[in-house]
Peer 1: 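Okay, here's the structure, questions in a sec.
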Amino acid sequence: MMITRTKIKDVLKGELINQSVNIKGWVRTFRNNSFIAMNDGSCINNIQAVVNYEHTNPEILKRITPGACLSVTGKLIASQGKGQSVEIVVEQIEIYGDAESDVTKPNSYPLQPKAHSLEYLREIAHLRFRTNTFGAVFRVRHTLAYAIHKFFNDKGFVYLHTPIITSSDAEGAGEMFRVTTLDMKNVPLTDSGDIDFKQDFFGKSTNLTVSGQLEGELGAMAFSDIYTFGPTFRAENSNTARHLAEFWMIEPEMAFYDLNDNMALAEQMLKYVINYALEHNRADIEFLSQRLLDEEKQKPQNERSELSLIEKLDFCLKNDFARITYTEAIEILRESNHNKKKKFQYLIEGWGSDLQSEHERYLVEKHFKKPVILTNYPKDIKSFYMRMNDDGKTVAAMDILFPGIGEIIGGSQREERLEKLESRMKEMHIPIEEMSWYLDTRRFGTCPHAGFGLGFERLVLFVTGMTNIRDVIAFPRTPNNCEF
RNA sequence: UCCUUCUUAGCUCAGCUGGUUAGAGCACAUGACUGUUAAUCAUGGGGUCCCUGGUUCGAGCCCAGGAGAGGGAGCCA
């Protein structure tokens with residue numbers, strides 16, 4: 001009789017003890033010609049399937065190699081060994097797919113039963129899901145994505161799908177990728193010698209979106225509360241461990257919210273999703289936490305983290321984020337011993353200039369030692385749509401800074417007053433005519449509103465303790481790299 | 001884009017001041033063992049020292065250019 005397949009996660013619960021079970025998955029290791037460690041991705045743990053090698057065809061045994069895909073049927077029993085509570089006594093093995101283990105042969109399975117560097121695994125990103133670390137990372141990533149949807153859904157937010165192809169280039173959030181069907185070898189030109197986009201697919205110049213915020217504001221002016229969660233594209237030539245050319249962003253936009261409401265929502269959301277991941281992916285996060293501890297054992301004492309990953313996440317949940325204005329931040333930095341001893345590479349020059357990464361890191365990691373929300377930045381270093389404060393010098397912006405990540409959220413109360421918005425756009429040379437659809441929100445029933453953007457991969461970085469953003473997205477796109 | 005470090009076996013890395021036949025651990029193969037936990041033990045095979053050019057009697061090592069990767073910065077999420 002055929003037994004239906006059970007996922008390894010469920011088999012490991014032990015409820016099916018003394019019953020026949022069928023599992024399907026990939027071999028991690030095969031020890032002692034007897035013990036197959038199998039994983040099907042349903043959880044971090046493997047199940048041990050025990051083969052009686054004396055009664056099994058040696059040709060079959062030879063094909064049980066790391067990476068091979070098997071279907072195993074047998075009785076689930078209490079394990080005699082120490083590493084696991086239950087194991088399967090193999091009665092039947094079907095090999096779905098072999099994996100060549102001999103590294104001297106071409107096309108051998110590149111994952112060996114040993115530690116590999118993250119850089120090496122990045123080169124074989126199509127197979128790295130099969131490792132403990134990346135299995136854990138991508139299960140956590142999934143849970144965070146689900147938690148974000150659940151958080152907003154439970155609050156009555158509408159999930160708005162903003163366009164991926166846009167014609168607006170006024171956002172100014174970054175360099176854009178062009179979308180075109182024009183023949184690159186024979187680009188049509190106008191009489192004046194410019195590219196004739198009238199002949200392009202959309203009859204105008206188009207790009208991949210750098211932000212769904214402006215469209216999001218349109219939704220908020222009808223549904224009150226909306227959020228977007230989609231891919232975002234920036235053609236910046238930035239090569240860092242925190243930037244991608246293609247990344248996922250969450251952008252809520254709320255009518256009748258001021259800056260304080262905005263901050264409160266952002267903090268509540270971050271804590272909700274971190275807590276959700278801790279509750280639903282405990283084993284994965286514990287594995288990642290232990291992984292970091294093992295890694296840090298190689299470092300000198302003074303370079304090790306004060307808190308483990310789990311402790312860091314718990315700490316973040318239990319403490320209020322620090323909230324300070326830009327002006328107060330400048331004061332703290334100016335008065336710091338670090339600045340007085342000239343330890344900053346960029347000394348604090350005074351009010352008005354943007355903070356450098358080292359300054360943000362000092363505030364978060366040395367001074368407050370917890371997440372920090374910076375507010376009310378000088379208008380000249382922020383975007384046109386941010387609401388002007390009464391001082392005429394600052395805007396109602398907020399950035400949330402996380403330890404080890406830097407800016408994880410950027411947001412603001414939006415400028416809802418038409419005249420002020422238009423004059424700001426003129427100052428910053430934003431083409432007002434092209435943005436007429438956006439300005440309609442201010443013409444027809446405008447209201448105070450606010451929103452923010454959360455870089456999803458940066459959140460995943462924080463929760464998994466990974467340090468390179470290329471290791472928390474399945475197939476990273478960065479300058480000069482678009483593999484798979 | 002800028003600064004900086006690196007590139008040696010399938011993987012992770014040693015390789016002294018430029019000097020004979022380039023090493024280790026793991027992996028892999030073969031054999032032994034058989035309740036293991038990345039099993040253990042023995043034996044064995046395995047190298048375009050990233051590429052191109054130069055200096056030198058002699059280059060893995062020095063110089064120039066190029067490619068790729070890591071870390072930092074800028075831009076930001």
Side-chain angles (χ1 to χ4, degrees), chain A residues 27-37 45-54 61-62 65-66 77 79-84 87 89 100-124 131-132 171-175 210-213 231-251 266 298 344-346 354-361 381-383 399-402 405-411 452-462 467-471 473 478-481 483:
Chain A
V27 176
R28 287 292 175 81
T29 62
F30 184 34
R31 287 185 295 271
N32 227 356
N33 232 357
S34 305
F35 306 100
I36 315 170
N45 296 114
N46 303 327
I47 189 146
Q48 175 158 288
V50 188
V51 189
N52 185 332
Y53 65 92
E54 286 170 323
L61 292 176
K62 273 173 88 170
T65 59
I77 61 160
S79 178
Q80 300 170 35
K82 280 177 185 162
Q84 56 284 317
E87 64 190 16
V89 185
E100 177 58 64
S101 64
D102 187 342
V103 294
T104 65
K105 290 181 180 161
N107 296 320
S108 63
Y109 187 59
L111 292 172
Q112 301 165 9
K114 68 188 286 284
H116 292 293
S117 67
L118 295 175
E119 289 81 15
Y120 173 67
L121 293 172
R122 212 171 286 152
E123 290 171 17
I124 49 169
T131 63
N132 288 331
E171 172 71 17
E175 290 296 312
V210 293
S211 164
Q213 181 202 313
T232 309
F233 307 88
R234 305 261 170 101
E236 305 284 353
N237 188 12
S238 54
N239 280 290
T240 79
R242 290 178 298 281
H243 290 86
L244 290 164
E246 177 183 293
F247 63 100
W248 288 67
M249 189 151 67
I250 296 100
E251 292 179 290
Q298 329 228 332
F344 285 126
Q345 199 181 340
Y346 297 87
D354 211 347
L355 298 178
Q356 307 288 321
S357 305
E358 58 174 345
H359 302 142
E360 296 181 348
R361 218 177 306 128
I381 58 173
K382 286 292 177 183
S383 305
D399 283 359
I400 302 189
L401 311 177
F402 262 36
I405 314 283
E407 185 180 341
I408 195 168
I409 279 180
F452 60 84
L454 165 69
F456 184 55
E457 281 75 18
R458 290 187 180 175
L459 174 67
V460 182
L461 272 184
F462 182 72
T467 51
N468 193 313
I469 201 161
R470 293 158 203 198
D471 294 331
I473 188 165
T478 52
N480 275 312
N481 180 13
E483 292 302 309

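Proteins come first, then strands; the chains are lettered A, B, ... in the order of their sequence lines, and each starts at number 1.
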Peer 1: At under 4.0 Å between heavy atoms, what does A/I250 touch on the DNA or RNA strands: base, sugar-phosphate, or nothing?
Peer 2: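 A/I250: no heavy atom of the nucleic acid under 4.0 Å.
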Peer 1: Nearest to the A/T29 side chain among B/U34, B/C76, B/A39, which nucleotide is it?
Peer 2: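 Taking heavy atoms from C-beta onward, the closest nucleotide is B/A39.
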Peer 1: What nucleotide, of B/U37, B/C28, B/C11, holds the atom closest to the side chain of A/Q112?
Peer 2: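 My answer, after comparing the listed nucleotides, is B/C11.
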Peer 1: Using a heavy-atom cut-off of 4.0 Å across all strands, would you classify A/F30 as base, sugar-phosphate, or nothing?
Peer 2: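 No contact at all - A/F30 keeps every heavy atom at 4.0 Å or more from the nucleic acid.
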Peer 1: With a non-hydrogen cut-off below 4.0 angstrom, is A/Q356 in contact with a base, only sugar-phosphate, or nothing?
Peer 2: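 Sugar-phosphate only.
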Peer 1: Within the structure shown, what part of the strands sits under 4.0 Å from A/E457 by heavy-atom distance: base, sugar-phosphate, or nothing?
Peer 2: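 Nothing: the residue A/E457, judged by heavy atoms under 4.0 Å, touches no strand.
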Peer 1: At what distance, to the nearest 0.5 angstrom, does OH of A/Y346 lie from CG of A/L355?
Peer 2: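 Spacing of OH (A/Y346) from CG (A/L355) equals 13.5 Å.
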Peer 1: Quick check: on RNA chain B, is the nucleotide nearest A/S34 upstream (toward 5') of the one nearest A/K62, or the reverse? Name the residue that is more 5'.
Peer 2: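 Comparing both residues, the 5'-ward one is A/K62.
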Peer 1: For A/S383 and B/C76, is the shortest distance between a side-chain N/O and OP1 or OP2 below 4.0 Å?
Peer 2: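 No, A/S383 has no side-chain N/O under 4.0 Å of OP1/OP2 on B/C76.
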Peer 1: Heavy atoms under 4.0 Å, any strand shown: does A/E360 hit a base, just sugar-phosphate, or nothing?
Peer 2: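 Answer is nothing: A/E360 stays at 4.0 Å or more from every strand.
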Peer 1: To the nearest 0.5 Å, what is the distance between CD (A/E251) and CG (A/L454)?
Peer 2: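 If I round to the nearest 0.5 Å, the distance is 9.5 Å.
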Peer 1: Once salt bridge (charged side-chain N to carboxylate O under 4.0 Å, His left out) is applied, what residue pairs with a partner in residues 101-122 of chain A remain, sequence neighbours excluded?
Peer 2: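 Counting only pairs at least two positions apart or across chains, the salt bridge (charged side-chain N to carboxylate O under 4.0 Å, His left out) contacts touching residues 101-122 of chain A are A/R122-A/D471.
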Peer 1: Using a heavy-atom cut-off of 4.0 Å across all strands, would you classify A/S357 as base, sugar-phosphate, or nothing?
Peer 2: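 Answer is sugar-phosphate: A/S357 comes under 4.0 Å of backbone atoms only.
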Peer 1: Could you report the tightest heavy-atom contact between A/Y120 and A/P110, atom names first, then the distance?
Peer 2: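 Nearest pair, atom of A/Y120 first, then A/P110: OH-O, 3.3 Å.
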Peer 1: On the side chain of A/E87, is there an atom forming a donor-acceptor pair with the base of B/G35 - under 3.5 Å, no angle test?
Peer 2: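 By the distance-only test, yes, there is a pair.
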Peer 1: Sticking with atom P, work out how far B/G68 lies from B/G23, rounded to a whole angstrom.
Peer 2: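 About 33 Å, rounded to a whole number of Å.
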Peer 1: Have a look at A/N237 and say if it touches a base, only the backbone sugar-phosphate, or nothing, with a 4.0 Å heavy-atom cut-off.
Peer 2: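 Since a base atom lies under 4.0 Å of A/N237, the category is base.
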Peer 1: What contact category does A/G453 fall into here, base, sugar-phosphate, or nothing, at under 4.0 angstrom with non-hydrogen atoms?
Peer 2: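 Touches sugar-phosphate only.
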Peer 1: If you take all heavy atoms of A/S34 and A/Y53, which pair is closest and at what distance?
Peer 2: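 Looks like OG-CD2, 3.5 Å.
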Peer 1: A/K114 has a side chain; which of B/U34, B/C11, B/U36 sits nearest to it?
Peer 2: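 Per side-chain heavy atoms of A/K114, the pick is B/C11.
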Peer 1: Looking only at non-hydrogen atoms, find the nearest pair between A/F233 and A/V210 and report the distance.
Peer 2: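 Looks like O-CG1, 3.1 Å.
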Peer 1: Distance check: side-chain N/O of A/S117 vs OP1/OP2 of B/U12, anything under 4.0 Å?
Peer 2: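 Yes, A/S117 has a side-chain N/O under 4.0 Å of OP1/OP2 on B/U12.
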Peer 1: Classify A/K105 by what it touches in the nucleic acid, base, sugar-phosphate, or nothing, heavy-atom distance under 4.0 Å.
Peer 2: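 Counting heavy atoms under 4.0 Å across all strands, no contact is made by A/K105.
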Peer 1: Using the P atoms only, state how far B/G10 lies from B/C50, rounded to an integer number of Å.
Peer 2: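 Those two atoms are separated by 13 Å.
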Peer 1: Please identify which of these residues, A/H243, A/E236, A/R242, meets the side chain to side chain donor-acceptor pair (under 3.5 Å) condition with A/T240.
Peer 2: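 Only match with A/T240 under side chain to side chain donor-acceptor pair (under 3.5 Å): A/H243.
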Peer 1: Rounded to the nearest Å, what distance is computed from the OH atom of residue A/Y109 to the P atom of nucleotide B/C11?
Peer 2: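 Interatomic distance, OH of A/Y109 to P of B/C11: 16 Å.
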Peer 1: For A/Y53 and B/G31, give me the distance from atom OH to atom C1', rounded to whole Å.
Peer 2: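 Spelled out: OH on A/Y53 to C1' on B/G31 is 14 Å.
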Peer 1: Check every atom of B/A27, B/C75, B/A29 against the side chain of A/P113 and return the nucleotide holding the closest atom.
Peer 2: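 Per side-chain heavy atoms of A/P113, the pick is B/A27.
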Peer 1: Touch check for A/Y120, heavy atoms < 4.0 angstrom, all strands: base, sugar-phosphate only, or nothing?
Peer 2: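 Sugar-phosphate only.
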Peer 1: When we call it a touch if two heavy atoms are under 4.0 Å apart, what does A/I405 touch: a base, just sugar-phosphate, or nothing?
Peer 2: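 No contact.
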Peer 1: What are the atom names and distances for every N/O pair under 3.5 Å that joins the protein to nucleotides 65-71 of chain B?
Peer 2:
from, atom 1, to, atom 2, distance (Å)
B/G70, OP1, A/R122, NH1, 2.4
B/G70, OP2, A/R470, NH1, 3.3
B/G71, OP2, A/N468, ND2, 3.3

Peer 1: Is it the case that more than 12 heavy atoms not belonging to A/N480 sit under 6.0 Å from its CG atom?
Peer 2: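 For A/N480, atom CG is not crowded (no more than 12 foreign heavy atoms under 6.0 Å).
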Peer 1: Is any N or O donor-acceptor pair between the side chain of A/H243 and the base of B/C76 shorter than 3.5 Å?
Peer 2: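 By the distance-only test, yes, there is a pair.
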Peer 1: Please report the distance separating the P of B/A27 from the corresponding atom of B/A67, rounded so that it comes out in whole Å.
Peer 2: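 These two P atoms come out 38 Å apart once rounded.
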Peer 1: What closest approach, in Å, do A/S211 and A/M249 show between heavy atoms, and which atom pair accounts for it?
Peer 2: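 That closest heavy-atom pairing would be CA-CE, 4.1 Å.
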Peer 1: Could you tell me the separation between the NE2 atom of A/H359 and the P atom of B/C76, rounded to a whole number of Å?
Peer 2: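 After rounding, the reported distance stands at 16 Å.
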Peer 1: Decide yes or no for A/L459 and A/I408: does some side-chain heavy atom of the first lie under 4.5 Å from some side-chain heavy atom of the second?
Peer 2: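 The answer is yes; the side chains approach within 4.5 Å.
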Peer 1: Run through RNA chain B and report every stem of 3 or more consecutive Watson-Crick or G-U pairs, distances under 3.5 Å, ordered by first number.
Peer 2: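 Listed by first number, the stems are B:1-7 with B:67-73, B:10-13 with B:23-26, B:28-32 with B:40-44, B:50-54 with B:62-66.
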Peer 1: Shortest non-hydrogen contact from A/E457 to A/I473?
Peer 2: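 For A/E457 versus A/I473, the nearest heavy atoms are OE2-CD1, 3.4 Å.
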Peer 1: Whole angstrom is fine here: how far is it from CG in A/D354 over to P in B/C76?
Peer 2: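 Result: 7 Å.
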Peer 1: Nearest-Å distance, CD1 (A/I36) to P (B/A39)?
Peer 2: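 In whole Å, B/A39 P and A/I36 CD1 are 13 Å from each other.
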Peer 1: If you pin A/G455 and A/S79 to their nearest nucleotides in RNA chain B, which one's is more 5'?
Peer 2: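 Mapping each residue to its closest nucleotide by heavy atoms, the 5'-most match is A/S79.
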Peer 1: When you check the phosphate oxygens OP1 and OP2 of B/A39, does a side-chain N or O of A/R31 lie under 4.0 Å from one of them?
Peer 2: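 Yes, A/R31 has a side-chain N/O under 4.0 Å of OP1/OP2 on B/A39.
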Peer 1: Under 4.0 angstrom, heavy atoms only, what part of the nucleic acid is A/A115 near: base, sugar-phosphate, or nothing?
Peer 2: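 Contact class for A/A115: base.
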Peer 1: Which pair of heavy atoms, one from A/A241 and one from A/L461, lies closest together, and at what distance?
Peer 2: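 Residues A/A241 and A/L461, closest heavy atoms: O-CD1, 4.2 Å.
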Peer 1: With P as the reference atom in both, quote the distance from B/G58 to B/A42 in angstrom, rounded to an integer.
Peer 2: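 Pairwise P distance, B/G58 against B/A42, rounds to 44 Å.
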Peer 1: Confirm from the modelled atom types if A/Q84 and B/U36 form a donor-acceptor pair under 3.5 Å, side chain to base only.
Peer 2: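 Between B/U36 and A/Q84, which were checked side chain against base, a qualifying N/O pair under 3.5 Å is present.
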Peer 1: Rounded to whole angstrom, note down the C1' distance from B/A24 over to B/U1.
Peer 2: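 The answer is 41 Å between these two C1' atoms.
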Peer 1: Which value, in whole Å, describes the distance between the P atoms of nucleotides B/C11 and B/U56?
Peer 2: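 Per the computed distance, 36 Å lies between those P atoms.
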Peer 1: Rounded to the nearest angstrom, tell me the gap between atom CD1 in A/I124 and atom P in B/G10.
Peer 2: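 One finds 15 Å between P of B/G10 and CD1 of A/I124, rounded.
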Peer 1: Between A/R31 and A/T29, do the side chains contain a donor N or O and an acceptor N or O under 3.5 Å apart?
Peer 2: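 Yes, because at least one side-chain N or O of A/T29 sits under 3.5 Å from a partner of the opposite role on A/R31.
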Peer 1: Could you tell me how far B/G44 sits from B/A39 if I compare only their P atoms? Round to whole Å.
Peer 2: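 The answer is 23 Å between these two P atoms.
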Peer 1: Tell me whether the side-chain N or O atoms of A/E54 pair up with the base of B/U34 as donor and acceptor below 3.5 Å, since no angle test is needed here.
Peer 2: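 Such a pair does not exist between side chain and base.
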Peer 1: Is the phosphate of B/A73, meaning OP1 or OP2, less than 4.0 Å from a side-chain N or O of A/R242?
Peer 2: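 Affirmative; the distance criterion is met.
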Peer 1: Could you check how far CG of A/N107 sits from C1' of B/C28, rounded to whole Å?
Peer 2: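 Checked: the CG to C1' distance equals 16 Å.
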Peer 1: Tell me which nucleotide among B/G74, B/U37, B/A39 gets nearest to the side chain of A/Q48.
Peer 2: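 So the nucleotide nearest the side chain must be B/U37.
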Peer 1: Would you mind reading off the distance between A/D102 atom CG and B/A29 atom P, rounded to a whole angstrom?
Peer 2: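 Atom-to-atom, A/D102 to B/A29, this comes out as 5 Å.
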Peer 1: State, yes or no, whether a side-chain contact exists between A/T131 and A/H116 at a heavy-atom distance under 4.5 Å.
Peer 2: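 With C-beta onward as the side chain, the pair stays apart.
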Peer 1: May I ask you to say what A/F456 touches in the nucleic acid, namely base, sugar-phosphate or nothing, with a heavy-atom cut-off under 4.0 Å?
Peer 2: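 If one applies the 4.0 Å heavy-atom cut-off, A/F456 turns out to touch nothing in the nucleic acid.
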